[in-house]
Amino acid sequence: MSDMNTPTPLSNSIGAPPAPPAPATETMSTAETLSGIFFEPARTFEALRARPRFLIAGIIAVVAFTTFYILFVQRMGAETIARAQIEARSPDMTPEQMEQALSIQRNPIVQAITYASFPLVFAIIFAAGAGLYLLGTMAMAKSMSYKQALSVWVYSTMPPTLIFSLLNILLLFLKSKDDIDPAAANQGLARANFALLVNPKEQPVLATVLGSFDLFQFYGLFLAALGLRKIARLSSGAAWGIVLVIWLVGLLVRVGMSAALGQAY
C-alpha cells in the first residue's frame, strides 16, 4: 500500500524550469568601437548593428589622408607635384601650355579648393558606398537601415585608410626627396600591390589593374564582408559576393578612366 504522505516530485509539481532570457546585444562606446574595429571587428560590428554610428570614424579617415597630402605637398613642393601630374596626363604638352597649366595651379583659390575637396569627396564616397551596400543587401532578400549600411562602409574604410596614411607619412620623411615620385601624391608611397612590377607611365591600364590587387584594399573588403555578415545577417558567401561585385565595378571604372586619360588610377 502506497504512503499517502509521500511528497510529489518537485519536477512534477512545478514543471520544467523556464528558458533563460536571450542575452542582450552588447553596447560599445564610440571610443571602444574605434579601437575594437582593429582588434575585435566581429564584436564591434555586432555593437554597431544595435547602435550604428559613423561620424567620428569618417572624420578620422578624412583627416588622416588629408594630413598625408598636406605633408607631401610641403615636402615636395606644390609646383613640382603639379608639373609631374600634368606631364603624366599630357606628355606632349608644349612649354607654353605647361606654363599656362601651372599658372592655374598656382592660383590660391585653386589650391584652397583642392584641400577643401577631400572632405566632400570622402562624403560622396561614403554616401554612395552605403547605398550600394543597401541595394546589395536587398538583392539578397535581407534588410538593414541606411545608417547601418553607412556604418559598415565607414568602419571598413577607416582602418586601412589610417594605416595607409601613417605608413605614407613615415616613408615621406624616411626616403630621400630624389627617390619620391612627385606624381604619387594621390596613390601614396606605401605600395602593397603588384603595380610595382610595371611602369605606370608606359602601361597605365595594366598598372591600374595590378594596383587594384592591393593589401590595404583587401583588408577593407574583409572588414566590409564581416560587417555585412554581422549587421545584415548575411551568409559569408552573400556578403563577399556584394563587396567583390562593388570592387569589380570600381576596377572597371578606373580601367576606363586610365584608358581614356592615359594615367594609372
Side-chain angles (χ1 to χ4, degrees), residues 20-68 118-168 192 212 214-251:
T25 303
E26 183 179 6
T27 59
M28 299 173 67
S29 66
T30 298
E32 289 174 327
T33 59
L34 292 174
S35 60
I37 195 62
F38 290 93
F39 307 107
E40 298 179 289
R43 174 172 170 253
T44 300
F45 280 121
E46 286 285 1
L48 290 173
R49 183 177 190 271
R51 186 186 171 195
R53 70 201 80 171
F54 52 86
L55 183 59
I56 304 301
I59 290 174
I60 290 174
V62 174
V63 170
F65 186 83
T66 305
T67 300
F68 159 68
F118 287 119
L120 179 60
V121 170
F122 269 90
I124 292 173
I125 293 174
F126 289 158
L132 292 175
Y133 280 171
L134 197 61
L135 290 175
T137 301
M138 293 171 60
M140 297 295 177
K142 296 290 185 177
S143 65
M144 63 177 172
S145 68
Y146 181 79
K147 192 173 180 180
Q148 287 175 323
L150 190 56
S151 69
V152 174
W153 188 281
V154 173
Y155 267 84
S156 62
T157 299
M158 187 270 288
T161 301
L162 181 59
I163 295 172
F164 173 83
S165 300
L166 292 176
L167 285 176
N168 275 283
S212 298
D214 182 87
L215 184 61
F216 296 108
Q217 284 194 40
F218 285 115
Y219 177 33
L221 294 179
F222 162 76
L223 290 175
L226 179 61
L228 291 176
R229 283 177 51 208
K230 295 298 182 180
I231 291 182
R233 297 300 192 234
L234 290 168
S235 66
S236 179
W240 273 106
I242 292 172
V243 299
L244 288 178
V245 166
I246 294 173
W247 173 82
L248 181 59
V249 170
L251 172 58

- Decide side-chain contact (heavy atoms from CB on, under 4.5 Å) for F45 and I37; before the verdict, give the C-alpha distance in whole Å, the side-chain angles of both, and the deciding distance to 0.1 Å. CA-CA 8 Å; F45 280 121; I37 195 62; 3.6 Å; yes
- Query: Could you go step by step and tell me if L234 and I242 meet the side-chain contact (heavy atoms from CB on, under 4.5 Å) rule?
  - Reply: CA-CA 10 Å; L234 290 168; I242 292 172; 3.7 Å; yes
- Walk me through it: do Y133 and V243 pass the test side-chain contact (heavy atoms from CB on, under 4.5 Å)? CA-CA 8 Å; Y133 280 171; V243 299; 3.8 Å; yes
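Between R229 and A239, the shortest heavy-atom contact is CG-CB, 3.6 Å. Nearest heavy-atom pair, M144 versus A149, reported as atom, atom and distance to 0.1 Å: CE-CB, 3.5 Å. The minimum heavy-atom distance between Q148 and R49, with the atom names listed, is NE2-O, 2.9 Å. Contact between L226 and A42 at its shortest, heavy atoms only, is CD2-N, 3.6 Å. I231 and S151 make their closest contact through CD1-OG, 3.8 Å (heavy atoms, listed as atom of the first residue, atom of the second, distance). The two residues G36 and T44 come nearest to each other via the heavy atoms C-OG1, 3.0 Å.
With a 4.5 Å cut-off on side-chain heavy atoms, I59 and L55 count as touching. A heavy-atom distance below 4.5 Å is not found between the side chains of L48 and K230. Within the 4.5 Å cutoff, no side-chain heavy atoms of F218 are placed close to those of L215. Between Y219 and I163, the closest side-chain pair of non-hydrogen atoms falls below 4.5 Å.
Under a 3.5 Å cut-off, the side chain of Y146 and the backbone N or O of A127 do form a donor-acceptor pair.
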Taking only distance into account, with no hydrogens and no angle test, what donor-acceptor pairs under 3.5 Å do side-chain atoms of residues 152-160 form with protein atoms, sequence neighbours excluded?
{"unit_1": "Y155", "atom_1": "OH", "unit_2": "T33", "atom_2": "OG1", "d": "2.8"}
{"unit_1": "S156", "atom_1": "OG", "unit_2": "V152", "atom_2": "O", "d": "2.8"}
{"unit_1": "S156", "atom_1": "OG", "unit_2": "W153", "atom_2": "O", "d": "3.0"}
{"unit_1": "T157", "atom_1": "OG1", "unit_2": "W153", "atom_2": "O", "d": "2.7"}

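For the side-chain contact (heavy atoms from CB on, under 4.5 Å) with F68, the lone residue among N168, T161, V63 that qualifies is N168.
Between F65 and F164, the ring planes lie parallel to each other; the angle is under 30°, not in the 30° to 60° tilted range.
Legend: salt bridge (Lys or Arg N to Asp or Glu O under 4.0 Å) pairs involving residues 31-42, not counting sequence neighbours, sorted by first then second residue: E40-R43.
The line from CD1 of I56 to OG1 of T30 is 6.5 Å long, rounded to the nearest 0.5 Å. Separating the CG atom in L162 from the CG atom in L167 is a distance of 9.5 Å, to the nearest 0.5 Å. Here the CG atom belonging to L120 is positioned 10.0 Å from the CD1 atom belonging to I125, to the nearest 0.5 angstrom.
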